[in-house]
Engineer: 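Attaching a single structure in structure tokens format; questions to follow.
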Amino acid sequence: MIAKNMIKAVVTFLIFNIASASYATCIQEFFVLRHGEDYSKQEDISSPTVDPTTYPLTPEGRAHVIAYKDLFSNTSSQWIGKLLGEDICPIGQIIISDSKAPRATAEPIALALNLKIQKFNKNTNWSTFLQNINLKKNKSVLMISTRQILWALERGQNSPDNNSLLINFLNQNDTADRNKIIVARSPQFNYLYEFKNLQTGTKTFFQDVGIYIQKVKVDTNTLDQCFMRLTTGKSSIEIAALTLMPEGGYDYINKYWNCN
């Protein structure tokens with residue numbers, strides 16, 4: 001009996017340490033998304049095309065949410081770590097801008113991951129935000145926000161405002177990464193921003209950023225980089241691949257991908 005108990009204790013110890021070691025080497029990342037597609041301000045809630053039980057997200061926006069639940073669950077076959085081929089730490093925090101569409105996007109994901117939602121407001125100072133953010137060890141973060149906060153200007157503007165969250169998360173002297181944000185233009189529904197390597201000191205910023213296009217599985221042989229916006233009639237979609245934003249950014253997409 002003593003021998004069996006000793007063996008059991010050793011096995012438990014080994015399993016615990018193997019699991020701990022796997023998390024110790026994972027990459028902590030800070031993912032940023034625009035909320036799922038919502039109804040325009042001009043569209044009346046009383047319109048017969050609007051479902052008041054799921055407002056403010058459109059049917060396309062609700063399909064986005066279903067896809068995101070898989071994308072950010074490390075037990076899913078569509079887990080973002082698998083799609084990127086990286087040992088990414090599981091999501092341990094969900095942070096949203098305090099408005100209806102980000103909240104409607106985040107709540108099903110938070111429920112699936114058994115996480116509480118943290119909020120920030122549009123007047124947040126991003127330098128202070130990064131200095132005070134309490135990142136959990138071996139956990140990644142998902143942030144969901146509005147285009148206005150991420151970009152700080154309306155969609156037609158070609159350059160972000162100085163208070164843009166996306167710009168202020170980066171080293172102000174890092175021209176290359178800042179240019180990635182600028183050429184991508186205003187956040188689209190199929191953009192995913194990946195920040196990592198948080199630097200702390202006199203200034204706090206992320207050293208690296210990647211902008212990915214979410215490609216949706218259309219059928220067994222087809223991936224479509226535009227389909228996040230073209231999901232009319234689809235109750236669910238599957239994000240099956242992530243590819244880096246082309247160097248030409250929005251202008252390249254607008255010219256060659258016909259995603260409008």
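FYI, side chains are in, hydrogens and waters are out, and symmetry mates aren't considered; it's all heavy atoms of this structure. Numbers here simply count residues along the sequence, with the first being 1.
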Engineer: Tell me whether Lys180 contacts the main-chain N or O of Val209 through its side chain, where contact means a donor paired with an acceptor under 3.5 Å.
Structural biologist: yes

Engineer: After noting the C-alpha distance and the side-chain angles of Leu130 and Thr200, does the key distance pass the side-chain contact (heavy atoms from CB on, under 4.5 Å) rule?
Structural biologist: CA-CA 9 Å; Leu130 287 180; Thr200 57; over 6 Å; no

Engineer: Hey, what do you get for CG (Asp177) to OG1 (Thr175), rounding to the nearest 0.5 Å?
Structural biologist: 9.5 Å

Engineer: Looking only at heavy atoms, which two atoms of Ser164 and Leu150 are closest? And how far apart?
Structural biologist: OG-O, 2.6 Å

Engineer: Establish whether Ile211 and Leu198 are linked, either directly or via other cluster members, by ILVMFWY side-chain heavy-atom contacts under 4.5 Å.
Structural biologist: yes

Engineer: Can you tell if the side chain of Ser127 reaches within under 4.5 Å of the side chain of Thr204, non-hydrogen atoms only?
Structural biologist: no

Engineer: Got a donor-acceptor contact below 3.5 angstrom from the Ser99 side chain to the Ala101 backbone?
Structural biologist: no

Engineer: For residues Glu238 and Val216, determine if any side-chain heavy atom of one lies less than 4.5 Å from a side-chain heavy atom of the other.
Structural biologist: no

Engineer: Compare all side-chain heavy atoms of Leu242 with those of Ile213 and state whether any distance is below 4.5 angstrom.
Structural biologist: no

Engineer: Residues in ring-ring contact (aromatic ring centres under 6.0 Å, His included) with Trp126, at least two apart?
Structural biologist: Phe120, Phe129

Engineer: Give, for atom CZ of Arg185 and atom CE of Met245, the distance between the pair rounded to the nearest 0.5 Å.
Structural biologist: 11.0 Å

Engineer: Taking side chain as C-beta onward, heavy atoms only, is Leu166 less than 4.5 Å from Pro187?
Structural biologist: yes

Engineer: Is Leu111 reachable from Ile91 through a run of I, L, V, M, F, W or Y residues, each pair having side-chain heavy atoms under 4.5 Å apart?
Structural biologist: no

Engineer: Are Ile237 and Leu223 in one and the same hydrophobic cluster, where Ile, Leu, Val, Met, Phe, Trp and Tyr link if side-chain heavy atoms are under 4.5 Å apart?
Structural biologist: no

Engineer: Between Ser140 and Gln28 (side chain of the first, backbone of the second, donor and acceptor by atom type, cut-off under 3.5 Å), is there such a pair?
Structural biologist: no

Engineer: For residues Val141 and Ile95, determine if any side-chain heavy atom of one lies less than 4.5 Å from a side-chain heavy atom of the other.
Structural biologist: yes

Engineer: Look up atom CG in Leu115 and atom CD in Glu107, then write down how far apart they are to the nearest 0.5 Å.
Structural biologist: 13.5 Å

Engineer: Minimum heavy-atom separation for Glu247 to Val183, with atom names?
Structural biologist: O-CG2, 4.0 Å

Engineer: Out of Asp70, Ile66, Leu83, which residue meets the side chain to side chain contact (heavy atoms under 4.5 Å, CB included) rule with Ile239?
Structural biologist: Leu83

Engineer: Dump the intermediate steps for side-chain contact (heavy atoms from CB on, under 4.5 Å) on Asn171 and Gln207, then the final yes or no.
Structural biologist: CA-CA 7 Å; Asn171 183 345; Gln207 190 170 20; over 6 Å; no

Engineer: Do we get Arg34 above Tyr191's six-membered ring, with its NZ or CZ under 6.0 Å from the centre and within 45° of the axis?
Structural biologist: no

Engineer: Please tell me if the side chains of Leu170 and Phe205 come closer than 4.5 Å, counting only heavy atoms from C-beta onward.
Structural biologist: no

Engineer: Measuring from atom OG of Ser97 to atom CD1 of Ile144, what distance do you get when rounded to the nearest 0.5 angstrom?
Structural biologist: 9.0 Å

Engineer: Kindly indicate whether the side chain of Trp79, heavy atoms from C-beta on, has any atom under 4.5 Å from the side chain of Ile88.
Structural biologist: yes

Engineer: If you measure from the Lys or Arg side-chain nitrogens to the Asp or Glu carboxylate oxygens, is any gap between Asp38 and Lys100 under 4.0 Å?
Structural biologist: no

Engineer: Yes or no on side-chain contact (heavy atoms from CB on, under 4.5 Å) for Asn74 and Lys82, after CA distance, side-chain angles and deciding distance?
Structural biologist: CA-CA 9 Å; Asn74 65 326; Lys82 291 182 179 179; over 6 Å; no

Engineer: Hey, does the side chain of Asn254 reach the backbone of Tyr250 with a donor-acceptor pair shorter than 3.5 angstrom?
Structural biologist: no

Engineer: State the CG-CG distance between Asn190 and Leu33, to the nearest 0.5 angstrom.
Structural biologist: 10.5 Å

Engineer: Is the backbone N or O of Asn197 less than 3.5 Å from a side-chain atom of Gln199, with the two atoms forming a donor-acceptor pair by type?
Structural biologist: yes

Engineer: Does Thr105 use its side chain to pair, donor to acceptor, with the backbone of Gly36 at less than 3.5 Å?
Structural biologist: yes

Engineer: If we ignore hydrogens and angles and just use 3.5 Å, is the side chain of His64 paired with the main-chain N or O of His35 as donor and acceptor?
Structural biologist: no

Engineer: Does one side chain, of Gln188 or Arg147, offer a donor that lies under 3.5 Å from an acceptor on the other?
Structural biologist: no

Engineer: Aromatic rings Phe206 and Phe30: how do their planes relate, parallel, tilted or perpendicular, breaks at 30° and 60°?
Structural biologist: tilted

Engineer: Where do Gln214 and Gln225 land on the side-chain contact (heavy atoms from CB on, under 4.5 Å) test, with the steps shown first?
Structural biologist: CA-CA 6 Å; Gln214 304 167 58; Gln225 61 268 14; over 6 Å; no

Engineer: For the CD atom of Gln131 and the NZ atom of Lys203, what is their distance to the nearest 0.5 Å?
Structural biologist: 11.0 Å

Engineer: Please report whether the ring centroid of Phe169 lies less than 6.0 Å from that of Tyr193.
Structural biologist: no

Engineer: What are the two closest non-hydrogen atoms of Lys136 and Gly92, and how far apart are they?
Structural biologist: NZ-O, 3.5 Å

Engineer: Hey, is Lys215 close enough to Asp224 for a salt bridge, meaning N to O under 4.0 Å?
Structural biologist: no

Engineer: Given side chains that start at C-beta, do those of Leu57 and Glu37 come closer than 4.5 Å, heavy atoms only?
Structural biologist: no

Engineer: Scan Ile94, Asp98, Thr124 and name whichever one has a side chain to side chain contact (heavy atoms under 4.5 Å, CB included) with Lys119.
Structural biologist: Asp98

